[in-house]
Each structure stands twice: as structure tokens, then as C-alpha cells.
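Residue numbers start from 1 in every chain, and the chains themselves are labelled A, B, ... in the order their sequence lines are given, proteins ahead of strands.
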Number of protein chains: 2
Amino acid sequence: MIRTQQLDATDRRILLALDEDPRAPIMVLAQRLGLARGTVQSRLERMAASGVLRGHSTRVQPESLGRGVTAEVSAELDQSRIDDAVAALRGIPEVLECLAPAGDTDLLIRVVATSPDDLYRVSEEIRLCPGIRRTSTRMILRTVIPYRTTALLAE
Amino acid sequence: MIRTQQLDATDRRILLALDEDPRAPIMVLAQRLGLARGTVQSRLERMAASGVLRGHSTRVQPESLGRGVTAEVSAELDQSRIDDAVAALRGIPEVLECLAPAGDTDLLIRVVATSPDDLYRVSEEIRLCPGIRRTSTRMILRTVIPYRTTALLAE
DNA sequence: GGCGCGCTGGTCAGATTGACCACTCTACTC
DNA sequence: GAGTAGAGTGGTCAATCTGACCAGCGCGCC
């Protein structure tokens, strides 16, 4: 298993500066941070190559794609068919993320939909995946603290 | 309430191209997509200005900041002190996200930690926030489907 | 028909980048 | 102490890109 490269203080400063302007030129970042242009360039290249950043599209708000409803689906699986279930879930575009927690629940699935009625459709689609025994859907009423890592970067 | 701008097919093509190379020059994107340079530039500017994209740092993997343990904390709140609770949660760097679901649980809190022991510390810190009556922590054992929106973009 | 919007293709000065180089500093090993 | 490797700085230069602006065209709306 590849060990995820750790970010040092310089990397974190660059990443925080990119929050201000994600497409800022390397020269501009270098001037703002008091670093050499080559340093910023090599750090960005290294971060891009090392997998410490997720894909650019993870920045896209699902609402802007017409999916204003978010929910979390808990699923219980047929233990011998986990791979089938996961493969089927991958095929559902509205499935944003799928985690395996400790405890009774087998999967926690983050989904989006265009409306409550559409959420019903997505939930049904999940329920009917092979290997899925039972599901429970909880609609998210509000995003109280939007996803962030800035506080960790700034430490 | 400001209505989130919707992304059209051209926007989505640009965003998918950015998944290939997040720092690709506008000229390169234009050539790849068969669009005029001015079109790509104006679309990127509009997406940047309209809030359809989250901050750049949302791309950062928490593991690369030493937080290899992820968990979900469910919290029950003192209804009259929700604002206090949320303000206190905002002050905890390890809190990545906080959602308000329908149902018995008042808050679903996504957290990270450096180790199971550190997770205990973070859970305690949350439990001791003003307005938080009771919490339940579930460690995430595995990310089965990493967060993605590519399937929605590609529709 | 007129108007507004968005796109294309264009220009041009200024800025940036990619690739390379030499030098310096630090940390590590022997 | 000497030698080595890695990382950063400051530099060069040709190629590329960008920002700002422009004219023309097509489409949708009134």
C-alpha cells in the first residue's frame, strides 16, 4: 500500500494561497509567498503527481448540476456479495461517496437527487442493487458546516 | 436565497477536462474542447464567480495532513443552543463537515484524526461543546467509493 | 425588424512557463 | 572534516499564454 505523501508547511501555504485564487499563475503565488518560482512550480508538480489532491471535479457543487437534495443512505449487505453491491453502486451517478463504517451498518452512501421524489427513485435504485439487503435513507436538511480542510491546513 | 447557477453542457465539458489537468492553460483547454479561447476564459471566470465550485483546498486529502482516520459523529443537541454548538464545532480543525439530517439525529459530523486514540480526543472535544447533549462516534474503516461528481458531470 | 447575449476569430503588449543552468545551504553518512 | 544528495534561489531564453479589447455572426426574445 502506497503511503500518502505528507504535506509540509510550504505545501500548505501554497494550498491556502490557491484557495484565494485556484488558477493563480505560479509567478503570482511565488511573489505572494516569498518563494522562488521554481520552488512553487516543483511543489505543485509534486502535489499533482503524488495523489495528495483529489480530482478537480470534487470541487463542483452538486446543486449546480440540478441536484439540490442530499441524503445519506445506510445499507446492510449480503456479506458474500459486497463486490457486486459496490460495483452496482459505482454505476449510479447520484452516488457521490461510499464509506464502510465500523458497527452494524455495512455502507454509508452519500447521494444527491433533484427533488425528494427523485431521492425516492435513487433510494429504490440502491435498494435494488445486488447484495443489498436493506437500506435506510436520511435526507440532509441543511449543510451546517460546508466541507473544509482550511483549518487543518492552517495549523 | 441566491439560486445556484446551473452548469450547462459546455461548463461540464470544461470541468471534466480540468479533471485531466487542473492547471491546464485556457489555450490548451480550448484546443482540446474545440472552443474559442474567449469562451473558455469567460466560462471559467463565470464559474469561479458564481459559487458553483468549492474552495480549492477541498481537494486536499486529510491523510496528507497526517489525518489517516476518518469518522462520523452523530450528535444530539440542546435545541436552544444550536448556534453555540455549531460555533464551537467550527473551531475544531478536525471537523471537516457538519450536516443536519432529518430524523432523531441533530447533526452528522465528519471528522478526521491522526489515530484511533486521537479520534477519542476529537470525539471528547465534540462531546464537550456547549449545547451538545450526547454523541455517537463511528469510525470509517474504508472509503469504498471516494467522493466524486464525474458521473453527474458526464451525464 | 430590432435588440441583447454569447460565441468565434482576431490583435497586441505584457506576463508566464518550461527547461535548463550554476550556486548555496542543509542534513546525512563515512 | 570531507563528500554527497536534495532542495531552494536566482538566472536565461524561446515559446506560449493571458488580459483586454474588437468586429461580426447566429440565436432567441420581444
Side-chain angles (χ1 to χ4, degrees), chain A residues 1-57 59-61 63-66 114 149 152-155, chain B residues 1-57 59-61 63-66 114 149 152-155:
Chain A
M1 179 235 238
I2 296 161
R3 185 170 176 284
T4 301
Q5 178 162 333
Q6 299 298 296
L7 298 169
D8 68 11
T10 300
D11 291 328
R12 298 206 301 268
R13 291 178 67 217
I14 293 172
L15 291 168
L16 285 167
L18 283 173
D19 257 347
E20 304 295 318
D21 180 1
R23 287 189 66 83
I26 291 169
M27 279 302 305
V28 169
L29 291 169
Q31 278 157 6
R32 276 197 59 189
L33 300 175
L35 296 167
R37 178 195 28 123
T39 302
V40 176
Q41 181 153 2
S42 68
R43 290 306 187 107
L44 285 173
E45 281 169 1
R46 202 159 75 193
M47 288 190 274
S50 68
V52 304
L53 299 173
R54 305 190 296 189
H56 182 274
S57 58
R59 296 181 56 200
V60 179
Q61 305 269 26
E63 300 159 79
S64 64
L65 295 162
T114 60
T149 60
L152 290 178
L153 283 167
E155 270 199 333
Chain B
M1 184 237 245
I2 296 162
R3 185 172 176 281
T4 299
Q5 178 162 333
Q6 299 298 295
L7 299 169
D8 68 11
T10 301
D11 293 328
R12 300 206 299 268
R13 291 178 67 219
I14 293 171
L15 290 169
L16 285 166
L18 283 172
D19 257 348
E20 302 294 318
D21 181 0
R23 289 191 63 86
I26 290 170
M27 280 302 304
V28 169
L29 292 169
Q31 278 158 7
R32 276 199 57 188
L33 301 175
L35 297 168
R37 180 202 19 132
T39 301
V40 177
Q41 182 155 359
S42 68
R43 290 307 187 105
L44 284 173
E45 281 168 3
R46 200 158 79 191
M47 288 190 275
S50 68
V52 305
L53 299 173
R54 306 191 294 191
H56 182 273
S57 59
R59 294 181 57 201
V60 178
Q61 304 269 26
E63 302 160 80
S64 64
L65 294 163
T114 59
T149 60
L152 290 177
L153 284 167
E155 278 203 322

Are any protein N/O atoms closer than 3.5 Å to N/O atoms in nucleotides 3-5 of chain C? If there are, list each pair with its distance.
none

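- Against DNA chain C, the stretch residues 8-20 of chain A makes no heavy-atom approach under 4.0 Å.
- The distance from atom CZ of B:R32 to atom P of D:dC17 is 14 Å, rounded to the nearest whole Å.
- Contact between the side-chain N/O atoms of B:R43 and the OP1/OP2 oxygens of C:dG6 is not found at any separation under 4.0 Å.
- Between the CG atom of B:D21 and the P atom of D:dC17 there is a distance of 12 Å, given to the nearest Å.
- In terms of the side-chain contact (heavy atoms from CB on, under 4.5 Å) criterion, residue partners of B:D19 (sequence neighbours excluded) are, by chain and number, A:H56, A:S57, B:T150.
- Annotation: salt bridge (charged side-chain N to carboxylate O under 4.0 Å, His left out) contacts of B:E155 (sequence neighbours excluded): A:R67.
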**OP:** Check step by step if side-chain contact (heavy atoms from CB on, under 4.5 Å) holds for A:L15 and A:M47.
**Re:** CA-CA 10 Å; A:L15 291 168; A:M47 288 190 274; 3.9 Å; yes

Distance-only check: which donor-acceptor pairs under 3.5 Å involve side-chain atoms of residues 22-35 of chain B, not counting sequence neighbours?
from, atom 1, to, atom 2, distance (Å)
B:R23, NH1, A:A24, O, 3.4
B:R23, NH2, A:A24, O, 2.7

**OP:** Give the intermediate values and the outcome of side-chain contact (heavy atoms from CB on, under 4.5 Å) for residues A:V52 and B:V60.
**Re:** CA-CA 6 Å; A:V52 304; B:V60 178; 5.9 Å; no

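- Atom CZ in A:R37 sits 11.0 Å away from atom OG in A:S42 (nearest 0.5 Å).
- Judged by distance alone, the side chain of A:R59 and the main-chain N or O of B:L53 form no donor-acceptor pair under 3.5 Å.
- Between the P atom of C:dA19 and the CG atom of A:L44 lies a distance of 15 Å, rounded to the nearest Å.
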Write out a two-atom table: protein N or O, nucleotide N or O from nucleotides 18-26 of chain D, distance below 3.5 Å.
from, atom 1, to, atom 2, distance (Å)
D:dT18, OP1, B:I26, N, 2.9
D:dT18, OP2, B:I26, N, 3.2
D:dT18, OP2, B:M27, N, 3.0
D:dG19, OP2, B:Q41, NE2, 2.6
D:dG19, N7, B:R37, NH1, 2.8
D:dG19, O6, B:R37, NH2, 2.7
D:dA20, N6, B:R37, NH2, 3.0

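- By the salt bridge (charged side-chain N to carboxylate O under 4.0 Å, His left out) test, A:R43 is found to be paired with A:D8, A:D11, residues two or more places apart in sequence or in another chain being considered.
- Legend: residues meeting side-chain hydrogen bond (donor to acceptor under 3.5 Å, both in side chains) with B:T10, ordered by chain and number and at least two apart, are absent.
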Subject >> Candidate pair B:L153 and B:R13, rule side-chain contact (heavy atoms from CB on, under 4.5 Å), full reasoning >> reply: CA-CA 8 Å; B:L153 284 167; B:R13 291 178 67 219; over 6 Å; no

